[in-house]
Amino acid sequence: MKIRRLASAVILLALSQSALPRSGQEHEHGSPVIELDAFQVVSTGTRSERMARELPIRTELLGADLFLASGSRDLASALEYMSGIRTEANCQNCGTAEIKMLGLGSGYNRLLFDGQPLFSGLASVYGIEHVPTAFISRVEVVKGGASSLYGPGAVAGVINILPNEPVTNKQRYDTSIESVDGEQFLSASLLRDWSSEDGDLALSLYGQFNDNDAVDINGDGFSEITQKRFHTLGANGWLYPTETGKLSLNYSYSWEERRGGNALDLLPHEAQTTEQLEHRWHRGGIAWDSSFNEIDYRLSASASYVTRNSYYGGVGSVALPGQSDFDDEAYQEALADSKLLYGYSDTMRYYLDTLFSQSLGEHHFSWGAQYQLDHVFDEKRNERGQALRSNGELADFSGQDPIADGSFDNLGFFVQDEWIHKQDTTLITGLRLDKHSEIENWVLSPRIALRHSSSPDWTWRASIATGFRAPEIFDEDFHIEILDDPTRTRNAHGLKEEKSISYSAGFVWTPSSADDQFQLEGELYRTELRDTFNVSDIVYTASDGTAYKERINAGGSTVQGFELNAAYRLSERWKADLGLTHVDATFDEAPEVLPGIFERRYLETPQWSGVAKLKYENEELFDLFLGLVYTGPMIAAREVEGTLNESTESFFVVDLTATKHIHLDVFGKERHIDLMAGVKNIFDERQQDITSGPDRDTTYFYGPRFPRSVILRAGLSW
């Protein structure tokens, strides 16, 4: 039997056996009891396939069934339904979204495509909205330090996006229309899976198209949700040329154009406020899995290339033509400056990865090396696309005086031992050694994790992990806020790497008396950061007139709290999930967050958050999905006013969808039609104190990303 068939059989057998009650009973219709997360096969936590409950490193899952039931069309929307993760909108103009995990921002987590970190600094600004759910089989999330396996940046955890490897031929087409505060959001996607009869070749093709109008939530003529046009095309392939070898290939291309601000019918520089971006993102990779002398190995290479044409600016508070107080002289003067606020950026990332593993008795050893190279380029341009010097003067050629033009790399070696003793105890020890080009010395990152099952019902876990972030260019460097001028982020002189140590302890309770239909998880966590990076909200002016903020080492900080999650299969058709998270995130010494204002607590980090999901599944009648996302009060900075909102309002965002399944026989072939209708943010929870006008405080934006909307979707599959 070839490796692919053997692997598929092992995984399917593990899933089917783990889904059954310990008593071996089934439901009256013969279908197995719900597969709780504890009984799913995962790989992200250890880079080896294990059942989740058998790991000392907690791994959480989001599956394709949730994407379809909730109407989530991209990764950013899907992650909102996971406890401890917040998809945060942080700009009125551009609508950029950031993933915060356990209170730590996007710079602290690692986003992976099938284990490969293809989200470079530029891609991670808007990239989570560039990943369609159409091709995703599942998302695995590991919270807490994971640097011993995945290198710098995996401090808060990793989010691994995994494609579905086809074992049968199938295709699916979806289209949806959503009315968001009266504006139209359109989406269409396709997925075509093909597998050869002998199982030696599999191919998955996918595409998605999104189109939505700008939304002005508070009616001031300036958008809070950007106008967006997006499409992506991609392919994943698997080839089994030998009895023990598998070749995997993938490539995708994404294009997006978005614009926010006002007067969207004018050229970007002619409006009062404009943030316009055009992204092109190529990403792909190749991997070879095989074995030799009882040693399994994986060799892979991947690359990501992102280009961006951008505009940040406008004529400001100067009246536009046609307005009652229009002054042509003042407008032309402002226009001359606003034409110089275009820009071009690109980043290239190369990633090489080797992984070797071997089982010896009760031990499973893994070791390998990873190399990552990033190149960053960024320069100012005018309305004609001509390169400018940093002071705004016309350059002789592109690249003559860029704002950024440099490379940095990281070489890492890791080793890990999984000791599985009598199936009830697992001890994982790991060690990683990294050399980053921006750091003088090698960085050592050890990790240890322990799992013990005291009974068939109870599993206990604990771990200690270390990690670091290097002082390289991060995603916030490419998100330019509009104050009086475009503002960049610079590293302060002598900036050091940021180090972390993470502790966690928790349990999983799956009582046998409940026939594996109930699961309760609890987790205590604490992450201590030293030489914490902090971007001050104070705006400085360089000698050439460029506005910038500084990233500095702000001493230490601590993020700690707990998570409590429960899953219950009420019956064969009903399932409920509940999650509650508490975060206490503070600096050891209060940094200056606004001129003259010092604050120890992390900004825009709610102490309390929660998620609830209720699903009803009935193929003969319809499916229901009810989702609730709670965001508690937080601290938010009013940069323009120079004050803090010490306690923002809290939000309860409730989503409800219903899906009708229709099965038809067309010319002897079965076709499946899914019709979905729903309302998102039913109670129209939105931030009430959004600022208005051309001089608005664009970063004072902490509420739900979208107001109430109505969605209709139709899907066809066979």
Side-chain angles (χ1 to χ4, degrees), residues 91-96 122 125-126 213-214 221-223 226-230 255-281 306-323 326-347 376-405 477-488 541-542 544-548 693-696 698:
C91 177
Q92 285 176 273
N93 287 321
C94 65
T96 179
L122 181 55
V125 184
Y126 304 94
D213 297 327
F222 294 79
S223 66
T226 58
Q227 172 184 284
K228 284 184 285 188
R229 308 286 182 266
F230 167 81
W255 172 88
E256 187 207 56
E257 185 178 64
R258 65 171 64 195
R259 179 169 171 176
N262 77 321
L264 302 184
D265 57 322
L266 299 179
L267 293 174
H269 60 270
E270 294 176 342
Q272 289 175 305
T273 297
T274 299
E275 187 158 352
Q276 177 174 289
L277 306 110
E278 181 186 25
H279 287 92
R280 288 181 169 85
W281 185 11
V306 186
T307 66
R308 185 184 74 179
N309 291 292
S310 60
Y311 181 81
Y312 303 86
V315 298
S317 58
V318 176
L320 300 180
Q323 295 180 347
F326 175 69
D327 182 333
D328 185 64
E329 183 178 351
Y331 180 72
Q332 293 301 326
E333 182 179 347
L335 199 63
D337 293 331
S338 69
K339 290 180 179 180
L340 307 179
L341 300 178
Y342 288 83
Y344 171 81
S345 309
D346 64 51
T347 63
V376 180
F377 177 80
D378 187 29
E379 73 176 359
K380 298 176 68 173
R381 292 186 176 179
N382 62 19
E383 84 283 9
R384 298 180 180 179
Q386 297 171 304
L388 302 175
R389 295 188 177 94
S390 58
N391 61 6
E393 296 178 357
L394 190 65
D396 296 327
F397 55 87
S398 177
Q400 182 183 26
D401 185 20
I403 295 174
D405 186 11
D477 298 312
F478 290 100
H479 175 220
I480 307 170
E481 302 158 359
I482 300 177
L483 300 173
D484 293 326
D485 295 293
T487 307
R488 301 284 171 154
T541 302
D544 61 2
T546 302
Y548 69 95
D695 297 323
R696 61 185 180 168
T698 60

> Would you find a donor on one side and an acceptor on the other, under 3.5 Å apart, between the side chain of Y331 and the backbone of E270?
Replying inline: yes
> With a 4.5 Å heavy-atom cut-off, do E383 and L267 have their side chains touching?
Replying inline: no
> Looking only at heavy atoms, which two atoms of W255 and E278 are closest? And how far apart?
Replying inline: NE1-OE2, 3.0 Å
> Relative to the ring of Y311, is the ring of Y342 parallel (under 30°), tilted (30 to 60°) or perpendicular (over 60°)?
Replying inline: tilted
> Within the distance-only criterion (no hydrogens, no angle test), does the side chain of T274 pair as donor or acceptor with the backbone N or O of G313 below 3.5 angstrom?
Replying inline: no
>> Determine whether a donor-acceptor pair (N or O, by modelled atom type, separation under 3.5 Å) exists between the side chain of R308 and the backbone of D346.
In response: no
> For the residue pair A334 and V318, what are the closest heavy atoms and their distance?
Replying inline: CB-CG2, 4.0 Å
> Under 3.5 Å, is there a donor-acceptor pair between the side chain of S345 and the main chain of D378?
Replying inline: no
> Minimum heavy-atom separation for Q272 to P694, with atom names?
Replying inline: CB-CB, 4.1 Å
>> Around atom CD of E333, are there more than 12 heavy atoms from other residues, nucleotides or ligands closer than 6.0 Å?
In response: no
> Looking at S398 and A387, what are the two nearest heavy atoms and their distance?
Replying inline: CA-CB, 3.6 Å
>> Which heavy atom of R259 sits nearest to which heavy atom of A263, and what is that distance?
In response: NH2-O, 3.2 Å
> Got a donor-acceptor contact below 3.5 angstrom from the Y344 side chain to the G385 backbone?
Replying inline: no
> What's the verdict on side chain to side chain contact (heavy atoms under 4.5 Å, CB included) for F222 and Q92, showing C-alpha distance, side-chain angles and the deciding distance?
Replying inline: CA-CA 9 Å; F222 294 79; Q92 285 176 273; over 6 Å; no
>> Please give me the minimum heavy-atom distance between L335 and H269, naming the atom from each residue.
In response: CD1-O, 3.3 Å
